[in-house]
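Heads up: numbering here begins at 1 and tracks the sequence.
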Amino acid sequence: MSKETVLAVRSSSKSSVRKVRTFRKDLKMSRLITCAFIGGTGMGTLFGDLGFKTGGHRSIKTPYGDEVMYTIVRRGDLAFVAIDRHYSTGNFRQADQLDHRAYMYALWKVNQFFPSVFNIQYIFSTSAVGGLHNTRHVQDGLELGDIVVPHDVKDFTRGVWSYSVKDRYVHPTAFHRSANGLFCRHLQQLLQENEQVKFGGVLACAITGPLYETPVEIVEFTRHGIFNLLGMQTVTPEAYYARQNSMHLAVACVVTDTPDVEHDVDGEEVARIMNLRKPLLADLFVTAMLDVQDMAGFKCSCTKKLPVFHEDLAGDPADVMGMPVD
Ligand SMILES: [Zn+2]
C-alpha cells in the first residue's frame with residue numbers, strides 16, 4: 001500500500017470514527033433503546049397520534065448488498081427503532097423481493113456499533129393477512145379487521161431462512177437452533193393482554209406474494225384444518241432471523257380479507273382496514289414495549305444461543321465507512 005493510500009485510509013477511518021461519536025452524542029438518551037418495530041407500508045405514521053416523533057432516516061451497511069434505512073421513534077418515556085420492511089433498502093420492494101437478511105442483520109449491527117445507544121432485544125412486527133372466517137381454533141372465528149396473535153407459523157414458500165455463511169460474518173457451526181416458539185411466548189402474552197386482540201391459530205405463509213391464493217388453494221387450507229391465517233412471505237423469515245440474532249420477536253396480524261367467505265380481494269380494501277386498525281395496533285405495541293424496554297437480559301428459549309455472527313465484525317473499520325447518515 002502506498003504512503004498516500006495509507007494516509008487516505010487513516011484519514012477516512014478517523015472521519016468515520018468522528019461520525020460514530022457524533023451519532024452517539026446525538027442520540028444520548030437516558031436509557032438504551034431495546035425495542036424495534038417492523039411494519040409494512042403505511043405503518044410509518046402509526047405512532048404519531050400517541051405523541052411520538054419520528055427522526056430522520058438513518059442507514060447502516062450490511063454484508064447483504066444493501067444499506068438498511070431505519071428511523072428512531074421517540075416520546076419522553078419510550079424510544080424504539082422502526083423499519084418499514086418494504087422501503088428498508090431504499091425503493092419500494094414487493095413482499096417477494098425483500099431481502100429480510102439485510103434489515104434483520106441491521107438490528108443486530110446497531111447494537112455492536114452503538115452500545116451506548118442500542119441494545120435491541122425485543123422485536124414487534126405486524127402483517128396483513130387473510131383470516132379464515134370458519135376457523136375452529138380462534139375464538140368466535142375471524143372477521144375483517146380482527147387483530148390476531150398466532151401461536152405458530154408454517155412456511156409454504158420453501159425458503160431456506162438462514163444467514164449465509166459468508167466470509168467471516170457468521171460462524172459455520174452457529175446454526176441448528178430449535179424452531180420451537182419462534183414467536184416469543186413472553187412477548188405474545190403481553191400482546192394478548194389487550195382484550196381486543198384474538199389469540200391462537202397458525203399462520204400459513206402460503207404464498208410468496210404479491211399474489212393471492214386461488215379458490216382451490218383456499219379450500220385446501222381450510223380442509224387441512226390447522227391453519228387459520230394466510231399470509232405472504234414476510235413473517236417466517238423475520239421469525240427465523242430473529243432467532244438467529246438471539247432476539248425475541250412477536251407478531252400481530254391484521255385480518256384484511258376472509259378468503260373462505262369472500263373471494264374478491266381488493267388492495268384498496270386491505271389498505272382501508274389497515275388504516276382503521278392503526279390506533280389499536282399502535283396502542284398494542286407501545287403498551288408491550290413500555291413493559292419490556294427495561295427488562296435487560298431477559299432470557300427465554302429465543303436467547304438460548306448466542307447470535308450467529310462473529311463478534312469481531314463490530315471492530316472492523318471497513319464496516320464503519322459511510323455510516324451512519326441522516
Ligand atoms: Zn423470547
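- Residue Val255 is not grouped with residue Leu276 when hydrophobic side chains (ILVMFWY) are merged at heavy-atom distances under 4.5 angstrom, including chains of intermediate members.
- In this structure, CG in Leu190 is found 5.0 Å from CG in Asp291, a value given to the nearest 0.5 Å.
- For CZ of Phe285, the number of neighbouring non-hydrogen atoms (other residues, nucleotides, ligands) closer than 6.0 Å is greater than 12.
- Between the CG atom of Asp84 and the OG1 atom of Thr89 there is a distance of 10.0 Å, given to the nearest 0.5 Å.
- When all heavy atoms of Val149 and Leu191 are compared, the closest pair comes out as CG2-CB, 3.9 Å.
- In this structure a side-chain-to-backbone donor-acceptor pair under 3.5 Å is present from Lys109 to Lys61.
- His151 meets the ring pair (Phe, Tyr, Trp, His ring centres under 6.0 Å) test with no other residue; sequence neighbours excluded.
- Taking CE of Met289 as the reference point, atom CZ of Arg75 lies at 10.5 Å (rounded to 0.5 Å).
- The aromatic rings of Trp108 and Phe309 are tilted relative to each other, their planes meeting at an angle between 30° and 60°.
- Listed by first and then second residue, the ring pair (Phe, Tyr, Trp, His ring centres under 6.0 Å) pairs involving residues 288-308 are His186-Phe298, His248-Phe298 (not counting sequence neighbours).
- A 4.5 Å side-chain heavy-atom check between Thr287 and Asn194 finds every atom pair outside the cut-off.
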Can you list the steps and then say if Arg177 with Val308 is a side-chain contact (heavy atoms from CB on, under 4.5 Å)?
CA-CA 10 Å; Arg177 40 193 79 200; Val308 298; 3.5 Å; yes
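- Linking ILVMFWY side-chain heavy atoms closer than 4.5 Å, directly or via other members, places Tyr240 and Tyr64 in a single hydrophobic cluster.
- Rounding to the nearest 0.5 Å places NZ of Lys278 at 10.5 Å from CZ of Phe47.
- Remark: the backbone N or O of Ala106 is not paired with any side-chain donor or acceptor of Tyr70 at under 3.5 angstrom.
- Judged by distance alone, the side chain of Tyr212 and the main-chain N or O of Pro259 form no donor-acceptor pair under 3.5 Å.
- When hydrophobic clusters are built by joining Ile, Leu, Val, Met, Phe, Trp and Tyr residues whose side-chain heavy atoms come closer than 4.5 Å, directly or via intermediates, Leu46 is grouped together with Leu290.
- Here the straight-line distance linking atom CG of Leu211 with atom CD of Glu217 works out to 9.5 Å at 0.5 Å rounding.
- The side-chain heavy atoms of His133 and Leu142, taken from C-beta on, include no pair separated by under 4.5 Å.
- For the residue pair Gly55 and Thr71, the shortest heavy atom distance occurs at O-CG2, 3.7 Å.
- Counting heavy atoms from C-beta on, the side chains of Met69 and Ser59 come closer than 4.5 Å.
- In plain terms, the two heavy atoms of Gln244 and Ser162 that are nearest each other are OE1-CA, 3.5 Å.
- Two residues are said to be in side-chain contact when any heavy atoms from C-beta on lie closer than 4.5 Å; Thr258 and Glu143 fail this criterion.
- Checked by atom type and distance alone, the side chain of Arg93 never pairs as donor or acceptor with a backbone atom of Gly90 at under 3.5 Å.
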One pair to check against side-chain contact (heavy atoms from CB on, under 4.5 Å): Asn180 and Ser301. What are the steps and the verdict?
CA-CA 8 Å; Asn180 185 26; Ser301 57; 6.0 Å; no
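- If you take CZ on Phe52 and CD1 on Ile72, they are separated by 13.5 Å, rounding to the nearest 0.5 Å.
- Shown here for Val73 and Ala82, the closest heavy-atom pair between the two residues is CG2-CB, 3.7 Å.
- Here the closest heavy-atom approach between residue Val148 and residue Leu229 is recorded as CG1-CD1, 4.0 Å.
- Under the 30°/60° scheme for interplanar angles, the aromatic rings of His100 and Trp161 are found to stand perpendicular.
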Report the C-alpha separation of Val197 and Gln192 in whole Å, then their side-chain angles, then the decisive distance to 0.1 Å, and conclude whether the side-chain contact (heavy atoms from CB on, under 4.5 Å) test is met.
CA-CA 6 Å; Val197 168; Gln192 206 187 321; 5.5 Å; no
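- Side-chain contact between Ile83 and Leu107 is present, with at least one heavy-atom pair separated by less than 4.5 Å.
- Side-chain atoms of Met104 and Tyr163, non-hydrogen and from C-beta on, do get closer than 4.5 Å to each other.
- Clustering ILVMFWY residues whenever any of their side-chain heavy atoms sit less than 4.5 angstrom apart, transitively, puts Val292 in the very cluster that holds Phe37.
- Residues Leu284 and Ala252 come closest through the heavy atom pair CD2-CB, 4.1 Å.
- Applying the salt bridge (Lys or Arg N to Asp or Glu O under 4.0 Å) rule to Arg185 yields no partners; only residues at least two apart in sequence or on another chain are considered.
- Among Asn228, Val202, Val129, Val251, the one residue that satisfies the side chain to side chain contact (heavy atoms under 4.5 Å, CB included) test with Pro150 is Val251.
- Ring centroids of Tyr122 and Phe80 are separated by 6.0 Å or more, keeping the two rings apart.
- Checked against side-chain contact (heavy atoms from CB on, under 4.5 Å), Ala239 has the following partners two or more places apart in sequence or in another chain: Leu182, Phe183, Leu249.
- Panel note: side chain Asp49, backbone Pro279; no donor-acceptor pair is recorded below 3.5 Å.
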Does the side-chain contact (heavy atoms from CB on, under 4.5 Å) test come out yes or no for Cys302 and Arg243, once each step is laid out?
CA-CA 6 Å; Cys302 313; Arg243 177 59 48 94; 4.0 Å; yes
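- Other residues, nucleotides and ligands contribute only 12 or fewer heavy atoms inside 6.0 Å of the CG atom of Asn91.
- Between Phe114 and Ile33 there is no side-chain heavy-atom pair separated by less than 4.5 Å.
- Taken together through direct or relayed side-chain contacts under 4.5 Å among Ile, Leu, Val, Met, Phe, Trp and Tyr, Leu203 and Leu132 form parts of separate hydrophobic clusters.
- Side-chain N or O atoms of Thr126 include none that pairs as donor or acceptor with a backbone N or O of Gly39 at under 3.5 Å.
- Judged as a salt bridge (Lys or Arg N to Asp or Glu O under 4.0 Å), and not counting sequence neighbours, the contacts of Glu238 are Arg85.
- Between Asp146 and the options Lys198, Gln196, Arg277, a side chain to side chain contact (heavy atoms under 4.5 Å, CB included) holds for only Lys198.
- Using modelled atom types, one side-chain atom of Ser246 and one backbone atom of Lys305 make a donor-acceptor pair closer than 3.5 Å.
- With sequence neighbours excluded, the residues that form a salt bridge (Lys or Arg N to Asp or Glu O under 4.0 Å) with Asp99 are Arg101.
- Remark: the backbone N or O of Thr222 is not paired with any side-chain donor or acceptor of Asp260 at under 3.5 angstrom.
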